[in-house]
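Step one of this worksheet: look at the structure below.
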Amino acid sequence: MKAGFVSLVGRPNAGKSTLLNRFVGQKVAIVSDKPQTTRHRIVGVRNTPAGQVVFIDTPGIHKPVHRMNQRMVDAATGTLKEVDVAVLVVDVAEPIGVGDRFVVDLVRRSGVKVVLALNKIDRISKPALLPIMQQYQAIMDFAAIVPVSASTGDGVQALEGEILAALPEGEPLYPDDYLTDQTQRTLAAELIREKVLTHTRDELPYSTAVVIEQFDEPQREGGLTRIHASILVDHDSQKPIVIGKGGDMIKRIGSEARADLEEMLGGKVFLDLYVKVRADWRDDERILNEIGLGTRPRQG
Ligand SMILES: Nc1nc2c(ncn2[C@@H]2O[C@H](COP(=O)(O)OP(=O)(O)OP(=O)(O)O)[C@@H](O)[C@H]2O)c(=O)[nH]1
Ligand SMILES: [Mg+2]
């Protein structure tokens, strides 16, 4: 049997979280078309007859401006010291640029075995793939290069095969019913944030955090879960955008998040959302702690 830790690393928006969800077979990481969606590490476990792969999804590597972004990048690069294999995920529909070379350098210097996942092959023509493979081959000696589409699932089995081949022999690290390290509380905050990301644009996705103020579990099986959450924004001018005309935006965010939460929790959910202005929260240690980016380990 094979077993080990595998981090999914790469630039923002490459498709790391989409790939994690596909491997785990369940949504454990939120996904959006905006870069910098993932802000903390997310463990997702894949059990196969050949062994157990403990994936660690990480924030996209980018040039950090705020303290939050520095923590995000540190969370991603930090995993390289702890894993048996890194999967470098790149978007083949984007030309190879400075950012890609930076990330390749980073994984090369870490000394860890690296499998390259050329993601989003559904977005390019077959003949366009070969030169991209050759370009990457020329800049680093990868353990394997596998074209995939995290969206369609194309090539994902081949990628899993290469990952298992690169992993050491070992007994499973987690029980076979363990899927993720994300608590329901964290998943709830993330699902709400996903809806904000989906429906907003420009600076807003980057300026938003979700904090769960209260999470009351149901009194009986299948009963009502009561969740009170705050959507934090950076500036006064952003608050009316999140609330929308006559409250239509916040209603939409709330009802879509509630539907996802009810599916996740398998019962009815009462969801109460507030929008709060917290200037410079991205540099505020207390808020970073609450969203899992503090220097202390997260509680609950
Ligand atoms: N066409 C296509 N789109 C994809 C594929 N994989 C991911 N996407 C899309 O790419 C966008 C980014 O996906 P994510 O999984 O959030 O990317 P990420 O690498 O986790 O991004 P960060 O968390 O910001 O670092 C989303 O809109 C996905 O639906 C793919 O194989 N094909
Ligand atoms: Mg992500």
Side-chain angles (χ1 to χ4, degrees), residues 6-44 55-66 68-80 86-94 97 99-100 102-103 106-107 115-126 128-129 132 146-160 180-182 186-187 189-191 193-201 203-210 260 282 291-293:
V6 175
S7 64
L8 299 168
V9 295
R11 299 185 57 209
N13 228 24
K16 301 176 290 299
S17 301
T18 309
L19 198 53
L20 176 78
N21 292 339
R22 186 161 281 281
F23 277 127
V24 176
Q26 210 170 299
K27 184 160 170 170
V28 294
I30 62 165
V31 164
S32 90
D33 60 351
K34 313 290 189 300
Q36 300 174 28
T37 297
T38 304
R39 287 180 178 164
H40 60 267
R41 307 164 174 222
I42 298 169
V43 169
F55 285 102
I56 306 173
D57 183 20
T58 65
I61 294 166
H62 62 283
K63 236 189 217 137
V65 177
H66 300 280
M68 172 182 78
N69 301 75
Q70 186 61 56
R71 296 279 164 85
M72 287 164 62
V73 175
D74 290 348
T77 55
T79 61
L80 295 172
V87 175
L88 174 59
V89 184
V90 302
D91 178 348
V92 291
E94 297 288 331
D100 298 288
F102 178 81
V103 176
L106 197 80
V107 292
V115 172
L116 177 66
L118 297 174
N119 191 34
K120 308 198 188 182
I121 52 166
D122 57 291
R123 290 187 60 200
I124 60 164
S125 67
K126 269 229 168 77
L129 193 58
I132 298 171
V146 190
V148 296
S149 169
S151 295
T152 68
D154 202 9
V156 172
Q157 211 167 353
L159 177 60
E160 182 176 289
T180 183
D181 64 340
Q182 303 297 289
T186 303
L187 279 167
E190 287 287 272
L191 285 173
R193 194 165 63 83
E194 183 184 63
K195 307 311 166 202
V196 178
L197 294 184
T198 304
H199 295 298
T200 61
R201 55 197 171 83
E203 251 308 289
L204 211 58
Y206 308 99
S207 317
T208 310
V210 174
D260 277 14
R282 284 175 285 187
I291 62 170
L293 282 171

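When a ligand or atom number is given, it counts from 1 through the structure's own listing order.
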List the steps and the verdict of side chain to side chain donor-acceptor pair (under 3.5 Å) for E190 and H40.
-> CA-CA 11 Å; E190 287 287 272; H40 60 267; 4.6 Å; no

Could you walk me through whether D91 and N119 pass side-chain contact (heavy atoms from CB on, under 4.5 Å), step by step?
-> CA-CA 5 Å; D91 178 348; N119 191 34; 5.9 Å; no

Just do the side chain to side chain donor-acceptor pair (under 3.5 Å) check on T79 and T58 with the steps written out, would you?
-> CA-CA 8 Å; T79 61; T58 65; 5.3 Å; no

Verdict with supporting geometry, D154 and V148, side-chain contact (heavy atoms from CB on, under 4.5 Å) | CA-CA 5 Å; D154 202 9; V148 296; over 6 Å; no

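Within 4.0 Å of ligand 1, protein heavy atoms come from P12, N13, A14, G15, K16, S17, T18, V31, S32, D33, P35, Q36, T37, T38, G60, N119, K120, D122, R123, S149, A150, S151.
Residue pairs meeting the salt bridge (Lys or Arg N to Asp or Glu O under 4.0 Å) criterion with at least one partner in residues 12-33, sequence neighbours excluded, are K27-E194.
Take S151 and apply the side-chain hydrogen bond (donor to acceptor under 3.5 Å, both in side chains) test, not counting sequence neighbours, and it matches no residue.
A pairwise comparison of heavy atoms in G15 and A150 identifies O-CB, 4.2 Å as the closest pair.
Of all protein atoms, those of element N, O or S that lie under 2.8 Å from the Mg ion (ligand 2) number 2.
Results of the side chain to side chain contact (heavy atoms under 4.5 Å, CB included) test with N69 over R39, K63, H62 single out H62 as the only residue that passes.
Considering OG1 of T152 and CD1 of I121, their distance stands at 6.5 Å, rounded to 0.5 Å.
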